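Input: a single structure, listed below in structure tokens.
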Amino acid sequence: MSESAVQLLYRPRLADLRPLGTPSGVQSITALAPARTTPAEVLADRTGYQADFLGAFQVPWPRASEALQDDLLPVPGNAKNRLDYTHFSITMSQSRRLALFVGVNIEGSALVDIARDKDRWTFDGRIPSDAQVGEFLYADNQLDRGHLVRRQDPNWGAKAEQANADTFHFTNCSPQMAGFNQKNWLDLENYLLDNTRRWRARATVFSGPVFAEDDLVYRGVRIPRAFWKVVAFLGEDGKPSATAYMIDQSGELGRLTALFGRFRTYQRSVLHIERLTGIDFGDLSNYDGFSNEERATGTRIEAELISLDAIRV
């Protein structure tokens, strides 16, 4: 190109701009195939989370605070407004169209290894489809369809295959950046379940997102910055134990284009999770060393987990 051909006075407007890529290589989210729905009658026999799963160590279903009561999604035929599945249950948020919290019973001695096939996420027919965030949120980006109840956790006993399929409902799905979902949470969960001496190899796990009014809005959905987990089990020595954890993904959400990043992982108190989320875990904080230390000292206790062997139970 000659020097005289350079148009230095050119001032482009928005209408003058063209995409660098070609449309043929991009999937339009408006062209997504319609999602499947599991009919309500198919799920009618699910009994869900069991409060007496740890024997004498009763762990009731958590209670939402008064401030959250109006946001609980009604579930026809369920007085607790929770969706019951195989070995786990879910309480939904109306305003966010995502789970407020989930709870699962894990029978480690009876786990069944079920190979992961092609994921087929479905709507739950017991509640309206527009009360659930579907596939449109996850197309063409680095957001994962993050299992809140981990896929493997309820897969035990005679109904393991059914439990595995139940985890693939959009009600159990929350937007998580890919590196977060695939590495940090899985490492933490595996370490906890593999390295604690538990009565009958059993544990109860609650999980959920941290909702905030100023969460990033992406495709009309507010994306949680962080997620929490509360684990309860009964030791072989008869001592009940509860521990709490948080992982922060806010550093990645500003871009929604980056795959890798340092996701900060903390061990926190059950009391802190209760205050942060408005979810009451009953007596569990009494069996958490972090919570009891906070009560005794009046100081918030937390530990950033640089390595998994730093976890204290």
Side-chain angles (χ1 to χ4, degrees), residues 38-63 75 77-92 98-117 119-127 132 145-174 185-186 188-190 192-194 196 198-208 227-234 240-243 245 279 281-282 284:
T38 304
E41 55 269 22
V42 172
L43 299 168
D45 66 343
R46 307 302 199 261
T47 55
Y49 174 87
Q50 301 298 307
D52 61 355
F53 187 70
L54 300 180
F57 182 22
Q58 296 278 314
V59 185
W61 189 247
R63 298 185 302 273
V75 177
N78 190 296
K80 294 183 178 180
N81 288 332
R82 77 180 199 185
L83 294 162
D84 289 330
Y85 298 95
T86 307
H87 304 147
F88 69 96
S89 297
I90 295 174
T91 292
M92 293 288 292
L98 299 169
L100 181 63
F101 60 89
V102 304
V104 58
N105 301 127
I106 305 171
E107 175 77 78
S109 64
L111 286 173
V112 177
D113 186 13
I114 298 176
R116 187 164 186 169
D117 200 355
D119 294 359
R120 299 186 68 186
W121 290 89
T122 68
F123 287 118
D124 186 321
R126 294 173 292 187
I127 59 175
Q132 308 166 63
R145 305 157 191 81
H147 278 79
L148 287 175
V149 169
R150 194 172 68 144
R151 183 184 71 87
Q152 300 95 322
D153 285 352
N155 298 351
W156 51 268
K159 295 185 177 180
E161 292 277 0
Q162 177 176 284
N164 180 71
D166 281 358
T167 67
F168 284 96
H169 283 90
F170 283 115
T171 50
N172 187 40
C173 183
S174 200
W185 232 200
L186 294 181
L188 174 62
E189 291 172 329
N190 285 333
L192 283 171
L193 296 175
D194 291 344
T196 55
R198 291 164 288 130
W199 175 75
R200 296 186 182 176
R202 289 185 172 187
T204 281
V205 179
F206 299 111
S207 304
F227 293 83
W228 56 265
K229 190 174 297 291
V230 171
V231 181
F233 63 92
L234 186 64
S241 181
T243 57
Y245 307 88
I279 298 168
F281 295 99
L284 283 189

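In this text, all values refer to a predicted model and were calculated from it rather than measured experimentally.
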Who are the side chain to side chain contact (heavy atoms under 4.5 Å, CB included) partners of [X], not counting sequence neighbours?
X: Ser207; answer: Val102, Val205, Lys229
X: Ala203; answer: Leu193, Arg198, Phe233
X: Leu43; answer: Thr38, Arg46, Tyr85, Asp124, Arg126, Asp166, His169
X: Pro62; answer: Phe101, Phe206, Ile279, Phe281

Discussion item. Once side chain to side chain donor-acceptor pair (under 3.5 Å) is applied, do any residues pair with Trp121, and if so which ones, sequence neighbours excluded?
Written reply: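 Testing Trp121 for side chain to side chain donor-acceptor pair (under 3.5 Å), a comparison that skips the adjacent residues, returns none.
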Close side-chain approach of [X] to [Y], heavy-atom, < 4.5 Å:
X: Ile127; Y: Thr171; value: yes
X: Trp61; Y: Thr91; value: yes
X: Val75; Y: Arg82; value: no
X: Asn78; Y: Leu83; value: no
X: Leu284; Y: Phe57; value: yes

I need the minimum non-hydrogen distance between [X] and [Y], along with the two atoms involved.
X: Gly48; Y: Ser89; value: CA-OG, 3.4 Å
X: Leu148; Y: Gly208; value: CD2-CA, 4.4 Å
X: Ala51; Y: Pro60; value: CB-CA, 3.8 Å
X: Ser174; Y: Leu98; value: OG-CD1, 4.2 Å
X: Thr167; Y: Asn172; value: O-ND2, 3.0 Å
X: His147; Y: Arg150; value: CB-CA, 4.1 Å

Among residues at least two apart in sequence or on other chains, which ones pass salt bridge (charged side-chain N to carboxylate O under 4.0 Å, His left out) with [X]?
X: Arg116; value: Asp119
X: Arg202; value: Glu107
X: Arg63; value: Asp280

Fill in: Asp45 atom CG, over 12 foreign heavy atoms within 6.0 Å
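Yes.
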Practice prompt. Could you walk me through whether Ile106 and Thr204 pass the side-chain contact (heavy atoms from CB on, under 4.5 Å) test, one step at a time?
Written response: CA-CA 6 Å; Ile106 305 171; Thr204 281; over 6 Å; no
Which side-chain N or O atoms in residues 156-165 pair as donor and acceptor under 3.5 Å with protein atoms at least two apart or in another chain?
from: Trp156; atom 1: NE1; to: Asn105; atom 2: O; distance (Å): 2.9
from: Gln162; atom 1: NE2; to: Thr86; atom 2: OG1; distance (Å): 2.8
from: Asn164; atom 1: OD1; to: Arg151; atom 2: NH1; distance (Å): 2.8
from: Asn164; atom 1: OD1; to: Asn155; atom 2: ND2; distance (Å): 3.3

Practice prompt. Can you tell me which residue pairs pass the side-chain hydrogen bond (donor to acceptor under 3.5 Å, both in side chains) test with a partner in residues 49-60, sequence neighbours excluded?
Written response: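 Every candidate side-chain hydrogen bond (donor to acceptor under 3.5 Å, both in side chains) pair involving residues 49-60 fails, so no pair, neighbours aside, qualifies.
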Worksheet item: How many angstroms lie between atom CZ of Phe168 and atom CG of Asp117, to the nearest 0.5 angstrom?
Response: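 Phe168 CZ to Asp117 CG: 9.0 Å, rounded to 0.5 Å.
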